[in-house]
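Here is the structure we will look at.
Per chain, numbering begins at 1; letters A, B, ... match sequence-line order. Given the structure is predicted, the values throughout are model-derived calculations rather than measurements.
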There are 2 protein chains.
Amino acid sequence: MIDVTKSFILYAQCAISYDGRAKSELQQGNYIIMHKSDGSIMIHGGTLTTPLNYQPPGAILKKIENILISTRKNETLTIRIYDIKHYYQINEWSTHKIAIQYTEDDLREQIIKNIDKYFTNIAEIHKEFQTPFGPVDLLIIEREDAFHNVVELKRKHANISACTQVERYVRYFTECKIKCQGYIMCPSISKGALNYTKSHDIKFIGVDFEK
Amino acid sequence: MIDVTKSFILYAQCAISYDGRAKSELQQGNYIIMHKSDGSIMIHGGTLTTPLNYQPPGAILKKIENILISTRKNETLTIRIYDIKHYYQINEWSTHKIAIQYTEDDLREQIIKNIDKYFTNIAEIHKEFQTPFGPVDLLIIEREDAFHNVVELKRKHANISACTQVERYVRYFTECKIKCQGYIMCPSISKGALNYTKSHDIKFIGVDFEK
DNA sequence: CCATAGATCTCGCTG
DNA sequence: CAGCGAGGTCTATGG
């Protein structure tokens, strides 16, 4: 009845065990099992957005009597089926991608477009400027003294780890004898992070998405 | 036919738009829509583990003619249905929780059990020791001089942000005039992070889960 | 309620 | 392939 080579939705009384990156047991109950043509498989319970168990794309599904086994590298997901309540094979399932607006990239482009609002005397603008400690979201180098403005962007909310991120880059430039200033530019910031900026010489600039 | 007060699986030709934390459009196609009793709703395409669109628990679903609308705070998900291919109402869906082993917690307990392997002269052991910059995973205070060993744990892999995390705590204790040493203890570490530990006086100790 | 950090994170990108 | 970082992250936990 179940065709493991196809996409399907299964509602069944079953118990699940997983062994691989971690190890888990899910007691017997009624769960939804979703299988896709890329090999991914998810077990959903009656609450939450995220699946209880899953395997990512690339897994291979097999069926031995009443047991479904999904394997991938060193990971194994085992589904013991006791009672099938519903089965539906999915045909012509679309694989379109979603288009998202208002990403961190969009925010950066907007800031660059209006760069004169925030910085003056600009010689160079770099996106994702590579350092040994990771890429700087936005680097603005000034004329003459080559002062470096090191900007960490967050699409929405900055927390304390955004502060230490920009600090890391500032310390790198300082160690290279380059004069610089760290910035956080985003729509909002946590109270703890704002305190951190004030006591660690990081400038916070609030920016919002243009409609 | 569709009862928005119940849990259900729907396979339909539809188009989806979302507005809230970001903004997205998903072109018309055949998608699986899963709705749970906690209000969460997911739209799945034919590939990937993660849903294309979703609303987390607490969202409220309504139906106006052939349009499903899920709202939550300032977020709206709109599903325009053109053709229902399959509908199944889910009854008696289990909400059991999953039991996972080999978590960061398990690793910490294992290290504490074998603490004499790593540290000597121990006076106190603290889990999740609170500092203004966040909680220290494991804090081991020595006798007499009250030297603080500040340990950051990762269940699997440490990267550079784990380094700055432990640095943040070390700096806090140093500012409090407490002598300390930062550690990263985990099964593996990235090359960049390892370099960082060497140049920033952090000690890396490799630990693995006992079988 | 906000803030923080883990996760079998997933996913995409870059080297 | 690894490594790094974003994400409408989600989710659990603590203040």
Side-chain angles (χ1 to χ4, degrees), chain A residues 17-24 40 42-43 47-59 70 72-77 97-98 100-105 107-108 128 130-137 152-162 165 188-196, chain B residues 17-24 38 40 42 47-59 72-77 97-98 100-105 107-108 128 130-137 152-162 165 168 188-194:
Chain A
S17 52
Y18 163 79
D19 198 354
R21 285 177 269 181
K23 200 169 185 302
S24 73
S40 61
M42 293 123 260
I43 289 93
T47 61
L48 301 184
T49 312
T50 49
L52 292 163
N53 277 113
Y54 61 90
Q55 287 274 46
S70 171
R72 177 187 176 269
K73 293 188 183 178
N74 299 322
E75 297 182 287
T76 309
L77 182 71
K97 286 198 174 179
I98 196 161
I100 298 178
Q101 300 169 44
Y102 300 161
T103 62
E104 188 175 295
D105 235 43
L107 185 63
R108 175 165 49 203
E128 301 291 329
Q130 295 299 319
T131 77
F133 301 156
V136 176
D137 285 339
E152 177 64 28
L153 298 175
K154 292 291 163 195
R155 193 184 55 79
K156 197 165 179 89
H157 195 73
N159 59 25
I160 209 159
S161 76
Q165 211 175 330
S188 83
I189 188 165
S190 75
K191 194 183 275 187
L194 188 59
N195 287 340
Y196 196 97
Chain B
S17 53
Y18 162 80
D19 199 353
R21 284 179 266 181
K23 201 168 184 303
S24 73
D38 63 0
S40 61
M42 293 123 261
T47 61
L48 300 184
T49 312
T50 49
L52 292 163
N53 276 113
Y54 59 88
Q55 287 276 44
R72 178 186 176 270
K73 292 187 181 177
N74 299 322
E75 298 182 285
T76 309
L77 182 71
K97 285 201 174 179
I98 196 160
I100 298 179
Q101 300 170 46
Y102 300 163
T103 63
E104 189 175 295
D105 235 42
L107 186 63
R108 174 165 50 204
E128 300 291 328
Q130 296 298 318
T131 77
F133 300 155
V136 177
D137 285 339
E152 177 64 26
L153 298 174
K154 294 291 165 197
R155 192 185 58 80
K156 202 171 177 82
H157 195 74
N159 59 24
I160 207 157
S161 77
Q165 211 174 330
R168 223 159 64 201
S188 82
I189 187 164
S190 75
K191 195 184 274 187
L194 188 60

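When the nearest nucleotides of DNA chain C are assigned to A/E75 and A/H157 by heavy-atom distance, the more 5′-ward of the two goes with A/H157. A residue-by-residue look at A/R155 and A/D137 shows that A/D137 has its nearest nucleotide of DNA chain D further toward the 5' end.
Paired with A/Y18 under the rule side chain to side chain contact (heavy atoms under 4.5 Å, CB included), one option of A/I43, A/N53, A/T76 passes, and it is A/N53.
For C/dC11 and D/dT11, the P atoms lie 15 Å apart once the distance is rounded to whole Å. Of the C1' atoms belonging to C/dG6 and C/dT10, the separation is 14 Å, rounded to the nearest Å. Between D/dG8 and D/dC4, the two P atoms lie 22 Å apart (nearest whole Å).
When side chains are defined from C-beta on, B/R21 does not count as touching B/K73, because their heavy atoms never get closer than 4.5 Å. Side-chain contact between A/M42 and B/M42: absent, with no pair of heavy atoms (C-beta onward) separated by less than 4.5 Å.
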Can you check each nucleotide of nucleotides 10-15 of chain C against protein heavy atoms at under 4.0 Å and return B for base, S for sugar-phosphate only, - for none, in 5' to 3' order?
SS----

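We find that CD of A/E128 is positioned 14 Å from P of D/dC4, with the value rounded to whole Å. Counting to the nearest Å, the C1' atom of D/dG7 and the CG atom of A/N159 are 13 Å from each other. A/F133 places its CZ atom 16 Å from the C1' atom of D/dG3, with the value rounded to the nearest Å. Distance B/I100 CD1 to C/dT8 P: 4 Å, rounded to the nearest Å. Between the P atom of C/dG6 and the CG atom of B/L107 lies a distance of 12 Å, rounded to the nearest Å. The separation between B/I98 atom CD1 and C/dA7 atom P is 14 Å, rounded to whole Å. Taking atom CD1 on A/I189 and atom P on C/dC2, their separation rounds to 16 Å, with Å as the unit. To the nearest angstrom, P of D/dA2 lies 11 Å from NZ of B/K156.
Taking 4.0 angstrom as the limit, B/S161 places none of its side-chain polar atoms (N or O) nearer than this to OP1 or OP2 of D/dG5. Using a 4.0 Å cut-off, some side-chain N or O of B/K154 falls inside it from OP1 or OP2 of C/dG6. OP1 or OP2 of C/dA5 sits under 4.0 Å from a side-chain N or O of B/R168.
Rounding to the nearest 0.5 angstrom, the gap separating the NZ atom in B/K154 from the CG atom in B/L107 is 11.5 Å. Atom CG of B/D19 is separated from atom OH of A/Y102 by 7.5 Å, given to the nearest 0.5 angstrom.
For B/E104 and C/dG6, a side-chain-to-base donor-acceptor distance below 3.5 Å is absent, hydrogens and geometry of angles not being considered. Side-chain N/O atoms of B/N53 and base N/O atoms of D/dG8 include a donor-acceptor pair closer than 3.5 Å. Donor-acceptor pairing under 3.5 Å, judged by distance alone, is present between the side chain of B/Q55 and the base of D/dG8.
In this structure, B/K191 reaches neither bases nor backbone, as no heavy-atom distance under 4.0 Å exists between it and the strands shown. Within 4.0 Å (heavy atoms only), A/L77 reaches no atom of the nucleic acid at all. Contact annotation for B/G20: no contact, since no heavy-atom pair falls under 4.0 Å across all strands. Note on A/Y102: nothing from the nucleic acid sits closer than 4.0 angstrom, heavy atoms only.
Remark: side-chain polar atoms of B/D38 are paired, donor with acceptor, to backbone N or O of A/L48 under 3.5 angstrom.
Between B/R168 and B/E152 there is no salt bridge, since no side-chain nitrogen of the basic residue lies less than 4.0 Å from a carboxylate oxygen of the acidic one.
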Start with the C-alpha distance between B/S190 and B/H157, add both sets of side-chain angles, then the distance that settles side-chain contact (heavy atoms from CB on, under 4.5 Å), and finish with yes or no.
CA-CA 7 Å; B/S190 75; B/H157 195 74; 3.6 Å; yes

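Of the candidates D/dA6, C/dA7, D/dC4, D/dA6 carries the atom nearest the A/E152 side chain, counting heavy atoms from C-beta on. Each of D/dG3, C/dA5, D/dG8 was ranked by its minimum atom distance to the side chain of B/P135; first place goes to C/dA5. For A/S24, taking side-chain heavy atoms from C-beta onward, the closest of the listed nucleotides C/dT8, C/dT4, D/dC4 is C/dT8.
In this model, no donor atom of one side chain and acceptor atom of the other lie less than 3.5 Å apart for A/T103 and A/D105.
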